[in-house]
Every structure is written in structure tokens, then in C-alpha cells.
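The residues of the chain are indexed from 1 along the displayed sequence. As the structure is a computational prediction, the values presented were derived from the model and not from experiment.
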Amino acid sequence: MVMMSGLAAYGSLSMTTTGNAPLSWNTRAPPARLAFQRRRRMSTITATVTCRREAAMTAPEKADVLRSLDGWAESNLLPLLKPVERAWQPHDLLPDSASPGFREAVDELRARAREIPDDYYVCLVGNMVTEEALPTYHAALNSFVGYDSPSSADAWARWSRGWTAEENRHGDLLNRYLYLCGRVDVRRVEQTIHHLINAGMRLASDKCPYRGFIYTAFQERATAVSHGNTARRAMALGDASLARICGAIASDEKRHEAAYTRVVDQLFALTPDAAVRALEYMMRERILMPAYYMFDGRDPDLFRHYAAVAQRLGVYTTADYADLVQFFVDRWGVADLGPGLTGEGRQAQDYVCRLPERVRRMDQLDARRRLQPQTRQVPFSWLFDRHVELLT
């Protein structure tokens with residue numbers, strides 16, 4: 001999971017930037033730690049103040065619906081997990097440390113890495129940092145259905161453990177690659193991971209499991225897009241080995257996306273009014289990427305800067321988000337929901353169905369601004385304070 005600035009630059013799945021520029025670029029920045037804490041506190045306040053209404057179903061009732069699907073999860077989710085014996089492991093995609101040719105293989109890896117530009121490594125490090133905050137995501141997933149036993153044998157608990165085990169390989173793989181490549185300040189990257197896990201994440205679900213699963217479906221698809229694009233870019237830059245690393249992660253994310261999309265399929269089939277209202281809530285409240293609180297100890301706008309680089313390189317863009325929303329609106333049949341909707345449900349349906357076009361218009365405005373781009377150089381501590389170009 002990568003989960004994935006404002007919409008225009010990868011981070012939030014709603015518009016919170018002007019063009020590609022973070023809102024804070026034209027203001028005097030407060031001390032880094034203070035600014036980071038203030039941003040985190042204000043996002044929490046916003047999530048509380050903007051809750052407009054309670055859904056017709058309570059969160060415990062929705063959790064009961066999910067628990068009633070345990071047999072369905074056994075048949076439809078668990079088969080999407082790969083047996084351990086068939087699953088790739090990070091060791092399979094990196095130089096074999098027990099091989100006599102290990103040093104030569106690392107030298108070759110580092111030689112290829114020297115040919116890859118810094119902006120690509122900003123995206124790769126950002127993706128890796130996001131993956132490494134897995135403890136937070138595991139805890140959130142368990143909260144959706146209300147299971148917290150580490151040894152429970154029900155299908156939901158086994159899915160949670162299996163999904164986490166597969167996701168755990170992603171951070172391990174990227175972390176080891178970045179350690180070997182010699183292009184990044186590993187200690188500063190490790191500090192960023194430490195900060196992110198310590199900070200947690202803003203999940204604007206208000207303890208509603210329907211919103212939680214919608215969030216996760218969006219994140220898994222966004223993550224698959226991001227890792228897929230880093231794979232294609234690595235191949236274009238001539239590093240087939242790095243392309244395989246990113247491609248292996250993207251393939252996992254597609255399976256995980258399929259699982260969470262199926263869960264929400266069921267919620268729309270069983271309780272369409274509650275499901276469409278949960279979807280509208282998440283679209284209005286903003287699906288913030290899980291690494292929104294990333295911090296390296298120095299740059300309070302680190303996430304926005306990283307996200308702006310991802311937007312510029314085409315790793316994750318506003319257009320990608322519009323495609324994402326359209327995909328789920330079509331997949332979950334939102335436009336075709338029938339007479340079972342309440343008045344609020346019909347309003348939610350209308351809002352969600354109009355959203356992709358709104359996002360595409362915003363992307364078109366950004367595209368016109370990018371025809372006459374202005375650039376800015378920003379230092380990244382991950383790259384030993386080397387400067388990377390951003391569009392403003």
C-alpha cells in the first residue's frame with residue numbers, strides 16, 4: 001500500500017493544491033516540527049468539524065453486516081492470497097548475499113542506479129516509506145470488522161494476517177534495494193519511517209467500517225498505479241531489474257485491490273443506501289494518502305514536495321485519480337442504484353457520479369498551467385540535500 005500533496009500531486013485524493021505547488025510555498029514556514037504538528041492537528045480538527053450527518057445505519061450495525069459475510073470472505077477473499085511457497089520474496093529480486101558473485105552483482109546494481117535521476121528516487125523513497133508504515137494499516141484494517149485477536153480462525157482475521165504478510169514484503173524489498181543502491185541517505189530515510197509510524201494516519205472513516213473498506217479499495221488501486229508507473233519508468237531508464245522489483249509490488253497490489261473492491265461490491269448489493277452515502281462521505285472528506293504525515297525531522301512539507309515530484313513525473317497524477325473515481329463509480333454501479341435509496345442516498349449518488357468530470361476539468365486547468373511552467377528547486381534530505389525540480 002502506498003497509499004497515496006492534494007490530489008493534483010499524488011497525496012490526497014482530493015484537490016488541495018494550486019497547480020503543482022504546495023499551498024505553503026508562498027508563505028514563511030514556521031519551525032519544521034511545529035509546522036508538522038500544526039498540520040497534523042488541523043487535519044484532525046477539519047475531520048471532526050466537517051462531519052455533516054450520521055448515516056442511517058450505525059457503525060456497529062455495519063460491522064455486523066461485515067461479520068455476517070465471514071463465509072463469503074472464505075470463498076471470495078482468501079483465494080486471492082498466494083500460498084507462501086508460491087509467493088515471491090525480496091531475496092528473489094535482489095543480489096544473493098550468499099553467492100560468491102554477490103559483490104559483483106551489487107556493483108552492477110549500483111552502476112545502473114547511478115544512471116537514474118534523483119527525481120525518480122524521490123518517488124521510490126516516498127513509496128517505500130509509505131509501505132513501511134504497515135503496522136498502522138494492519139491496526140486500521142482490524143478495526144473495520146472489530147477483530148483484534150492475533151490467533152482468530154475466522155476468515156476476516158485470516159485475510160488480515162495474510163494481507164499484512166504479503167504487504168510486509170513490499171517495504172522490505174524496496175528498503176533493501178535502496179540500501180544497496182548507494183543513492184540515498186539511508187539513516188534519514190529510516191528517521192522518516194520512524195516519524196510516520198509514530199504519527200499514525202488520518203483515516204476519515206469516523207469508525208465506520210464501510211468507509212474504511214472504501215478507503216482501502218481506493219488506496220490499493222492508487223498504489224497499483226503508482227508502483228506500475230515506477231516500473232515502467234525504470235524500464236524506460238534502462239534498469240530492467242528495478243522494473244521487476246516495482247512490477248512485482250504492483251502485481252500484489254492489483255490482487256489486493258480486487259479483494260477490497262469485492263468487499264464493497266457486497267456492501268452495495270446488501271445495503272446500497274448506506275454504501276453510497278459512505279462513498280460520498282469519503283469523497284467529500286478527502287481520502288488522504290496514508291503517508292500524509294511523513295516527516296524527516298526538517299521539512300514540514302515533505303509529503304507535498306514528494307507528491308509534487310510524483311505528479312511531474314507521471315507516477316501518480318490528477319488524471320489518474322479521475323480514472324480511479326470513474327472506475328469505482330462504474331464498478332459499484334452507482335449510477336444504476338434504484339428506488340431503495342433515501343433522499344440523502346440519491347443526493348450522494350448524484351454527487352459521486354458528477355465527481356469524475358469535476359476532477360477532469362481541474363486536471364485540464366492544471367494542464368494549461370503546465371504549458372508555461374515555472375520551476376523551483378527543493379532539497380530532499382533523502383538525497384543528501386540534493387535539489388530536485390518541482391513545477392510551481
Task: A155 versus L78, closest heavy-atom pair with distance - done: O-CD2, 3.8 Å
- [ ] Report yes or no: do V129 and F384 belong to one cluster of Ile/Leu/Val/Met/Phe/Trp/Tyr joined by side chain heavy-atom distances under 4.5 Å?
- [x] no
Task: Donor-acceptor contact present, side-chain R112 to main-chain G238, <3.5 Å - done: no
Open item on the list: Check whether R161 reaches the backbone of S152 with its side chain - one donor and one acceptor, N or O, closer than 3.5 Å.
Closed with: yes
Open item on the list: Can you confirm whether or not the ring centre of Y215 sits under 6.0 Å from the ring centre of F218?
Closed with: no
Open item on the list: Could you check whether any side-chain N or O of S68 sits under 3.5 Å from a backbone N or O of V65, counting only pairs where one atom can act as donor and the other as acceptor?
Closed with: yes
Task: Salt bridge R376-E389, side-chain N to carboxylate O under 4.0 Å - done: no
- [ ] With salt bridge (Lys or Arg N to Asp or Glu O under 4.0 Å) as the test, would you mind laying out the steps for R255 and E220 before giving the verdict?
- [x] CA-CA 9 Å; R255 284 188 296 108; E220 293 288 8; over 6 Å; no
Open item on the list: Using the rule that Ile, Leu, Val, Met, Phe, Trp and Tyr join whenever any side-chain heavy atoms are under 4.5 Å apart, tell me whether L313 and I245 fall into a single cluster.
Closed with: yes
- [ ] Decide whether T164 and Y137 meet the rule of one side-chain donor and one side-chain acceptor closer than 3.5 Å.
- [x] no
- [ ] Any chance you could lay out the side chain to side chain donor-acceptor pair (under 3.5 Å) test for H138 and E167, step after step, and finish with the verdict?
- [x] CA-CA 10 Å; H138 178 70; E167 288 280 337; over 6 Å; no
Task: Distance-minimising heavy-atom pair for P90 and D172 - done: CG-CB, 3.9 Å
- [ ] Evaluate the side chain to side chain contact (heavy atoms under 4.5 Å, CB included) criterion for residues L94 and S241: first the C-alpha distance (whole Å), next the side-chain angles of each, then the deciding distance (0.1 Å), finally the verdict.
- [x] CA-CA 8 Å; L94 294 168; S241 296; over 6 Å; no
Task: ILVMFWY cluster, L141 and L69 together (side-chain gap under 4.5 Å) - done: yes
TODO: Please say whether more than 12 non-hydrogen atoms of neighbouring residues, nucleotides or ligands are located less than 6.0 Å from OH in Y179.
DONE: no
Task: Ion pair R158/D154, N-O distance below 4.0 Å - done: no
Open item on the list: For the backbone of W88 and the side chain of R169, can you confirm whether one donor and one acceptor N or O come within less than 3.5 Å of each other?
Closed with: yes
Open item on the list: Could you check whether any side-chain N or O of R386 sits under 3.5 Å from a backbone N or O of D118, counting only pairs where one atom can act as donor and the other as acceptor?
Closed with: no
Open item on the list: Quick one: does any side-chain atom of R110 pair with a main-chain N or O of L180 as donor and acceptor, under 3.5 Å?
Closed with: yes
Open item on the list: Any carboxylate oxygen within less than 4.0 angstrom of a Lys/Arg side-chain nitrogen, looking at K82 and D252?
Closed with: no
Open item on the list: Please check: side-chain N/O of R277 versus main-chain N/O of A348, any donor-acceptor pairing under 3.5 Å?
Closed with: no
Open item on the list: Run the side chain to side chain donor-acceptor pair (under 3.5 Å) test on T271 and Y210 for me, step by step, so that the C-alpha distance in whole Å, both residues' side-chain angles and the decisive distance to 0.1 Å come before the verdict.
Closed with: CA-CA 10 Å; T271 53; Y210 281 31; 2.7 Å; yes
Task: Within 45° cone of Y351 ring axis and under 6.0 Å: R284 NZ or CZ - done: yes
Open item on the list: For H305 and F380, take the angle between the two ring planes, folded into 0 to 90°, and tell me which bin it lands in: parallel under 30, tilted 30 to 60, perpendicular over 60.
Closed with: perpendicular
Open item on the list: Taking the six-membered ring for Trp, are F213 and F144 closer than 6.0 Å centroid to centroid?
Closed with: yes
Task: Side-chain donor/acceptor of D320 to backbone N/O of T317, under 3.5 Å - done: yes
Task: Option passing side chain to side chain contact (heavy atoms under 4.5 Å, CB included) with R360 (candidates L365, T318, D323) - done: D323
Task: Close side-chain approach of W156 and L77, heavy atoms under 4.5 Å - done: yes
Open item on the list: Nearest 0.5 Å, please: how far is NE2 in H256 from OG1 in T216?
Closed with: 12.0 Å
Open item on the list: Looking at E190 and R187, is there a salt bridge between them, counting it only when a charged N and a carboxylate O are closer than 4.0 Å?
Closed with: no
TODO: Would you check if C181 and L109 make a side-chain contact, meaning some heavy-atom pair closer than 4.5 Å?
DONE: yes
TODO: Check A291 against F303 and note the closest heavy-atom contact, atom names and distance.
DONE: O-CD1, 3.1 Å
Open item on the list: Pair Y316, Q311 - check side chain to side chain contact (heavy atoms under 4.5 Å, CB included), show working.
Closed with: CA-CA 5 Å; Y316 192 85; Q311 167 81 13; over 6 Å; no
- [ ] Can you see which heavy atom on Y120 is nearest to which on T230, and at what distance?
- [x] OH-O, 3.0 Å
TODO: Kindly give the heavy-atom pair with the smallest separation between G345 and V276, and that separation in Å.
DONE: O-CG1, 3.7 Å
Task: Ring center gap for W159 and Y260 short of 6.0 angstrom - done: yes
Task: Close side-chain approach of D265 and R331, heavy atoms under 4.5 Å - done: yes
Task: Side-chain donor-acceptor contact under 3.5 Å, E253 with H227 - done: no
Open item on the list: Other residues, nucleotides and ligands only: do more than 12 of their heavy atoms fall within 6.0 Å of CZ on R354?
Closed with: no
Task: Verdict with reasoning, E166 to L81, per side chain to side chain contact (heavy atoms under 4.5 Å, CB included) - done: CA-CA 8 Å; E166 291 192 348; L81 297 172; 3.9 Å; yes
Open item on the list: Side chains of L178 and V189, heavy atoms from C-beta outward: is any pair under 4.5 Å?
Closed with: no
Open item on the list: In the structure I gave you, are the side-chain heavy atoms of M294 and I193 within less than 4.5 Å of one another anywhere?
Closed with: no
- [ ] Just jot down the side chain to side chain contact (heavy atoms under 4.5 Å, CB included) partners of D296, sequence neighbours excluded, or say none.
- [x] R188, T192, R298, D299, L302, S381, W382
- [ ] Determine, stepwise, if the pair N127 / E131 fulfils side chain to side chain donor-acceptor pair (under 3.5 Å).
- [x] CA-CA 6 Å; N127 286 357; E131 295 284 359; over 6 Å; no
Task: Heavy-atom closest contact (A231 atom, G247 atom, distance) - done: CB-N, 3.6 Å
Task: Residue pair T261 / W332, side-chain heavy-atom distance below 4.5 Å - done: yes
Task: Donor-acceptor under 3.5 Å (S143 side chain, A140 main chain) - done: yes
- [ ] Decide whether a cation-pi geometry holds between R221 and F327; the criteria are a distance under 6.0 Å from NZ or CZ to the six-membered ring centre and an angle within 45° of the ring axis.
- [x] yes
Open item on the list: To the nearest 0.5 Å, what is the distance between CD1 on I249 and CG on L174?
Closed with: 3.5 Å
TODO: Could you tell me the separation between the CD atom of Q349 and the CD atom of E344, rounded to the nearest 0.5 Å?
DONE: 14.0 Å
Task: side chain to side chain contact (heavy atoms under 4.5 Å, CB included) between L196 and E132, worked out - done: CA-CA 9 Å; L196 180 57; E132 289 282 46; over 6 Å; no
Open item on the list: Between E257 and K254, is there a side-chain heavy-atom distance shorter than 4.5 Å?
Closed with: yes
Task: Donor-acceptor under 3.5 Å (D336 side chain, G333 main chain) - done: no
- [ ] Can you measure from CE (M57) to CG (D273) and round to the nearest 0.5 angstrom?
- [x] 10.0 Å
TODO: Decide yes or no for Q266 and W72: does some side-chain heavy atom of the first lie under 4.5 Å from some side-chain heavy atom of the second?
DONE: yes
Task: Neighbour count >12 (heavy atoms, 6.0 Å) for atom NE2, H194 - done: no
